[in-house]
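Below is one structure, written out as structure tokens, with a few remarks after it.
Just follow the structure's listing: the first ligand is 1, and inside any ligand the first atom is 1. These figures come from a predicted structure and were not determined experimentally. FYI, the numbering just counts along the sequence from 1.
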Amino acid sequence: MPDAYLVPMSSPDLSQAERDAVQAVLNTPNLSIGPQVQAFEEFVAERIGVQHAVAVNSGTSGLHACVRALGIEDGDRVITTPFSFVASANILLYERAVPVFVDVDPETGNIDADLVAEAAAGLMKGGRAAERWLPRRGVPDARRLKALLPVDVFGQPADFDALTPTAQEHGLPILEDSCEALGAEYKGLPAGRLGDVGVFGFYPNKQITTGEGGLVVTDRGDVADMVRALRNQGRAPGDTWLEHTYLGYNYRLDEMSAALGLAQMRRFDELLGKRERVAEWYAEGLASLPQVETLPMAPTTTRVSWFVYVVRLAPSVDRAGVIRALDEQGIPARPYFAPIHLQKYFVDQFGYQPGDFPVTEDLGRRSLALPFSGVMTREQVDLVCERLAGVLAG
Ligand SMILES: *Cc1c(COP(=O)(O)O)cnc(C)c1O
């Protein structure tokens with residue numbers, strides 16, 4: 001690996017406004033549980049069009065708090081996708097719930113809603129009809145299907161019009177992992193409010209950053225109250241500092257992070273617009289490369305919120321060789337995602353095997369994330385495209 005890449009893999013997009021906002025907090029004695037968190041929550045709630053927003057210290061902690069708030073427990077089953085960042089399934093394991101994976105749409109990489117409908121019907125029926133969908137081992141008997149957990153992959157919302165009837169038929173809440181999709185729209189509706197509760201993540205490579213951070217959005221007051229309690233050491237509304245109604249966590253976002261997030265949200269249209277422009281440059285630069293397919297857009301995606309720039313290589317291309325050659329030329333590139341069901345501890349606990357989810361595995365083998373951020377210049381995008389073209393020409 002060269003000492004420094006010519007182009008970073010990702011980069012936050014920060015202005016003087018963010019620096020001033022963080023500095024202003026540092027000039028107060030109030031570094032946690034204060035007005036910045038509340039202002040950040042109100043700003044995002046307004047923007048997304050939800051009644052409640054609860055800021056937390058990571059996307060993962062937000063998702064975990066939602067699992068608790070939805071009452072998902074030991075042995076409960078939740079239908080979700082193996083083509084995602086590992087956190088979206090880990091949060092079920094934290095509560096010893098069972099992720100029931102179904103495969104994804106080969107175009108978007110989002111969970112296949114027809115398979116979700118079949119799996120839900122099978123799991124509700126039980127017996128042999130359920131077994132077909134369950135992992136080979138590590139599954140307690142006679143537990144219930146409790147929820148659906150779709151992920152809006154790469155900034156494109158899952159197909160909620162196809163998922164919602166399944167949820168309604170079986171009375172299941174939908175937890176939307178929108179950690180990659182702040183600002184995306186599905187048929188004109190903002191990602192994050194497409195299910196019962198949605199979660200955003202603000203790690204530095206996301207559309208906006210707070211350093212580490214996340215945010216839960218919902219119209220359900222009971223879920224918002226519970227997430228607020230859980231993030232704050234289990235203190236229910238009315239509890240004093242040393243009263244803890246629930247087993248809680250410290251999942252609070254601090255005031256510096258919230259101030260950063262609020263300043264980023266005030267620039268949100270600018271930030272998304274810059275990412276869109278970079279994605280357009282890539283699409284132009286890659287159009288002449290027959291071995292490279294850019295991300296197909298679902299007709300339901302009325303706005304994609306570019307998170308990463310992931311392309312798919314033709315099956316004949318040696319991806320590891322491409323990554324190595326680009327690396328030697330100062331260009332970072334990464335596989336994205338590694339299928340969750342084939343991570344060691346998922347294999348150990350549930351007995352998953354290669355071949356279980358062929359579409360996920362195919363996308364996992366062929367996907368390549370290229371350097372991406374809103375601060376990339378046209379010259380940098382062109383450089384990546386030229387080097388990739390050179391490597392592919394061999
Ligand atoms: C980024 C991300 C998360 C949350 O990540 P944190 O680093 O905990 O904020 C969760 N799910 C998906 C799909 C993500 O991409």
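The residues E284 and R378 are annotated as salt-bridged, a charged nitrogen and a carboxylate oxygen being separated by less than 4.0 angstrom.
Side-chain polar atoms of D382 and Y282 form no donor-acceptor pair below 3.5 angstrom. Between R235 and Y246, the side chains place no donor N or O within less than 3.5 Å of an acceptor N or O (distance only, hydrogens not considered).
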When you pair each N or O of ligand 1 with protein N or O atoms, which pairs come out under 3.5 Å?
from	atom 1	to	atom 2	distance (Å)
ligand 1	8 (O)	G59	N	3.4
ligand 1	8 (O)	T60	N	2.9
ligand 1	8 (O)	T60	OG1	2.5
ligand 1	9 (O)	G59	N	2.8
ligand 1	11 (N)	D177	OD1	3.4
ligand 1	11 (N)	D177	OD2	2.8
ligand 1	15 (O)	E180	OE2	2.6
ligand 1	15 (O)	K206	NZ	2.9

Side-chain donor/acceptor pairs under 3.5 Å, residues 270-279, sequence neighbours excluded:
from	atom 1	to	atom 2	distance (Å)
E270	OE1	R267	NE	3.2
E270	OE2	R267	NH2	2.9
K274	NZ	D13	OD1	3.3
K274	NZ	D13	OD2	2.8
R275	NE	W306	O	2.7
R275	NH2	N205	O	3.4
R275	NH2	F307	O	2.8
E276	OE2	R303	NE	2.8
E276	OE2	R303	NH2	3.0

Show me the donor-acceptor pairs within less than 3.5 Å that the side chains of residues 182-194 make with the rest of the protein, sequence neighbours left out.
from	atom 1	to	atom 2	distance (Å)
Y186	OH	D159	OD1	2.4
Y186	OH	F160	N	3.4
Y186	OH	D161	N	2.9
K187	NZ	D161	OD2	2.5
R193	NH1	I48	O	3.1

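Here L242 is tied into one hydrophobic group with I33, W241, each link being a pair of ILVMFWY side chains closer than 4.5 Å.
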